[in-house]
Every structure is written in C-alpha cells, then in structure tokens.
Amino acid sequence: QLQLVESGGGSVEPGGSLRLSCEASIFSLNYWSIGWFRQAPGKEREGVSCISRIDGSTYYGDSVKGRFSISRDNARNAVYLQMEWLKPGDTAVYYCAAKDDIIDIQSMCADPPGMDYWGKGTLVTVSS
C-alpha cells in the first residue's frame, strides 16, 4: 500500500511563500500521477495542482495559476508544491494524493474521490 506523507505547512503572512513536500516510502512515486488538493473549513476538497506520471504534464486550478508550481524529484521520491504570493484564501489543509490510472490531469484534479491513496495533510495558514 502506498503511504504518502506531506510536510512543509505552517503559518505565513500574506505575500509569503511555502514549499510543500509529498514523499513516499518503499514505493516509487514515479509510477503514480500525483495531485495536491486542499480543504478549507466548511468547504469541499478541491484540486490545486496535478502532475502526470506519463509525460510530466501539469494542471493548476484557476485560483492558484501563476502563483503555485508543482514539480517532481524522482531521485528524492518526492513531489513538491511551491506556493508564492500566498493569500488568506489559501488557508486550508493541503493533501497529496496518488492515482494509477492513465487519465488527463485536469480530470484527475477535478475528481478528488477518484484518487487511490491520500496522505494525512499539512495545514497552511495565511494571515497577518
């Protein structure tokens, strides 16, 4: 069973930056498409950014486009989410998730229940 562990969350002021990491032990993340999702209090879980296992193509939600960047480091068996110009509206628990099926990345990001494995999440708080 794939086990995912997120790290890097914390509290920052508006305009600040954070880098989230998603790591796996035992199994290689190379064989999985990975998504970052977030859930704010009282809101549904939403797709933030996803990266394909096939060709490395990426997708970003409209609210984070131009501010967030997803990347893989196969040598470290990790997927990162670099977050810049953070806003209070970015406050949420951020989860990474993995999916084995070959589908388009935008569809994967739009369907959180369709992911195969989830981490436990890391909290990001943006406030002054």
Side-chain angles (χ1 to χ4, degrees):
Q1 182 154 343
L2 184 65
Q3 294 183 333
L4 303 172
V5 179
E6 304 94 336
S7 61
S11 296
V12 295
E13 294 184 350
S17 302
L18 284 173
R19 188 177 80 157
L20 305 184
S21 299
C22 174
E23 296 176 282
S25 57
I26 302 176
F27 297 107
S28 172
L29 289 179
N30 297 354
Y31 303 112
W32 302 85
S33 292
I34 302 295
W36 282 99
F37 298 82
R38 68 186 181 187
Q39 188 164 19
K43 294 188 176 182
E44 293 186 354
R45 194 168 295 189
E46 65 169 343
V48 175
S49 181
C50 293
I51 186 165
S52 170
R53 69 178 177 92
I54 301 300
D55 58 5
S57 58
T58 58
Y59 169 82
Y60 297 93
D62 288 342
S63 62
V64 306
K65 205 171 293 183
R67 300 187 298 122
F68 289 12
S69 177
I70 191 171
S71 62
R72 287 183 179 270
D73 186 336
N74 292 336
R76 296 179 182 270
N77 201 29
V79 174
Y80 303 107
L81 184 69
Q82 180 68 42
M83 306 187 295
E84 308 282 351
W85 297 104
L86 284 161
K87 305 174 182 179
D90 295 319
T91 295
V93 177
Y94 284 71
Y95 301 88
C96 71
K99 187 170 182 67
D100 186 25
D101 289 350
I102 303 172
I103 61 171
D104 68 274
I105 291 302
Q106 184 171 351
S107 297
M108 187 178 90
C109 259
D111 184 31
M115 302 301 288
D116 296 323
Y117 294 100
W118 290 86
K120 294 184 178 181
T122 185
L123 177 63
V124 172
T125 303
V126 185
S127 70
S128 54

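Below, all heavy atoms of this structure are taken into account, side chains as well, without hydrogens, waters or symmetry copies.
Using a 4.5 Å heavy-atom threshold, the side chains of Ser33 and Ile105 count as touching. Using a 4.5 Å heavy-atom threshold, the side chains of Glu6 and Tyr95 count as touching. Within the 4.5 Å cutoff, the side chain of Ser17 has heavy atoms near those of the Gln82 side chain. Between Trp36 and Cys22 there is a side-chain heavy-atom pair separated by less than 4.5 Å. Taking 4.5 Å as the limit, some side-chain heavy atom of Pro112 sits within range of a side-chain heavy atom of Trp118. Glu23 has its side chain out of reach of Leu4: every pair of non-hydrogen atoms, C-beta onward, lies at least 4.5 Å apart. Using a 4.5 Å cut-off on side-chain heavy atoms (C-beta onward), Arg53 and Asp100 make contact. No side-chain heavy atom of Asp73 sits less than 4.5 Å from a side-chain heavy atom of Val79.
To the nearest 0.5 Å, the span separating OH on Tyr59 from SG on Cys50 amounts to 8.5 Å. If you take CD1 on Ile51 and CD1 on Ile34, they are separated by 9.0 Å, rounding to the nearest 0.5 Å. Remark: Asn74 CG to Ser28 OG distance equals 6.5 Å, nearest 0.5 Å. A distance of 10.0 Å separates SG of Cys109 from CG of Asp104, quoted to the nearest 0.5 Å. In this structure, Ser49 OG and Met83 CE are separated by 11.5 Å, a value rounded to the nearest 0.5 Å. In this structure, CZ in Arg19 is found 5.0 Å from OH in Tyr80, a value given to the nearest 0.5 Å.
Side chain of Thr125 to main chain of Ser11: no donor-acceptor pair is present (N/O by atom type, distance under 3.5 Å, no hydrogens or angles). For the pair Thr122 (side chain) and Ser7 (backbone), a donor-acceptor distance under 3.5 Å is absent. Between the side chain of Gln39 and the backbone N or O of Lys43, at least one donor-acceptor pair lies under 3.5 Å.
Placement of Ile70 and Tyr31 within a single hydrophobic cluster is found when ILVMFWY residues are connected by side-chain heavy-atom separations under 4.5 Å, directly or transitively.
Annotation: cation-pi geometry not satisfied between Arg38 and Tyr94 (NZ/CZ under 6.0 angstrom from ring centroid, within 45° of ring axis).
Shown here are the ring-ring contact (aromatic ring centres under 6.0 Å, His included) partners of Phe68, two or more places apart in sequence or in another chain: there are none.
Here the closest heavy-atom approach between residue Pro14 and residue Ser128 is recorded as CD-N, 3.8 Å. What you find for Ala92 and Ala40 is that their closest heavy atoms are CB-N, 3.8 Å.
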Evaluation steps, side-chain contact (heavy atoms from CB on, under 4.5 Å), between Leu29 and Arg72: CA-CA 9 Å; Leu29 289 179; Arg72 287 183 179 270; 4.2 Å; yes
Intermediate values then yes/no, side-chain contact (heavy atoms from CB on, under 4.5 Å), Ser69 and Tyr60: CA-CA 8 Å; Ser69 177; Tyr60 297 93; 3.8 Å; yes
Worked verdict on Leu81 versus Leu18 for side-chain contact (heavy atoms from CB on, under 4.5 Å): CA-CA 8 Å; Leu81 184 69; Leu18 284 173; over 6 Å; no
Trp32 vs Phe27, ring pair (Phe, Tyr, Trp, His ring centres under 6.0 Å): CA-CA, chis, key distance, verdict: CA-CA 10 Å; Trp32 302 85; Phe27 297 107; 8.0 Å; no
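Around atom CD of Gln3, no more than 12 heavy atoms belonging to other residues, nucleotides or ligands sit under 6.0 Å away.
Using a cutoff of 4.0 Å between basic side-chain nitrogens and carboxylate oxygens, Lys87 and Asp90 are not scored as salt-bridged.
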